[in-house]
Amino acid sequence: HRYFPDFVIVKHTGEFYIVEIKSEKEREDPTVVAKRKAVERLERLQPDARFTYRVIYATGDGIGVQENADLSAVIAWIRNGDTLQTDGY
């Protein structure tokens with residue numbers, strides 16, 4: 001099967017982050033769970049592949065940066081692990 005994530009964020013270092021955005025209602029959906037497990041397994045099997053996978057679950061109100069640890073992790077990674085700043089978002 002072909003797989004097209006919502007976002008692939010690539011740094012100039014060659015590291016990349018695969019990001020999926022899903023509704024909170026889809027958290028236990030068998031297809032979403034299977035996809036997440038497959039990519040996480042690949043991530044563990046390829047420790048030198050320099051990629052990270054993250055699913056960000058959104059409520060009907062959108063995605064709040066302060067309440068979403070997965071989104072916060074993606075933003076921190078983009079900023080090289082710097083402290084999360086939400087000004088200007």
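Side chains are part of it too, since the values below use all heavy atoms of this structure and drop only hydrogens, waters and symmetry mates.
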How close do [X] and [Y] get, counting heavy atoms only, and between which atoms?
X	Y	answer
Glu26	Tyr57	C-CE2, 4.4 Å
Tyr17	Tyr53	CE2-C, 4.3 Å
Val19	Ile9	CG2-CD1, 4.1 Å

Evaluate the side-chain proximity of [Y] to [X]: yes if any heavy-atom separation is below 4.5 Å, no if none is.
X	Y	value
Phe51	Leu42	yes
Phe7	Ile56	no
Arg36	Lys22	no

TODO: Identify whether Val55 and Val33 are in the same connected component of the hydrophobic contact network (ILVMFWY, side-chain heavy atoms under 4.5 Å).
DONE: no

TODO: Following the transitive rule for hydrophobic clusters with a side-chain heavy-atom cut-off under 4.5 Å over Ile, Leu, Val, Met, Phe, Trp and Tyr, establish whether Val10 and Ile18 coincide in one cluster.
DONE: yes

Task: Stepwise side chain to side chain contact (heavy atoms under 4.5 Å, CB included) check, Val32 with Arg27 - done: CA-CA 7 Å; Val32 173; Arg27 187 178 289 269; over 6 Å; no

Open item on the list: With a 4.0 Å cut-off on N to O distance, would you call Lys37 and Glu40 a salt bridge?
Closed with: no

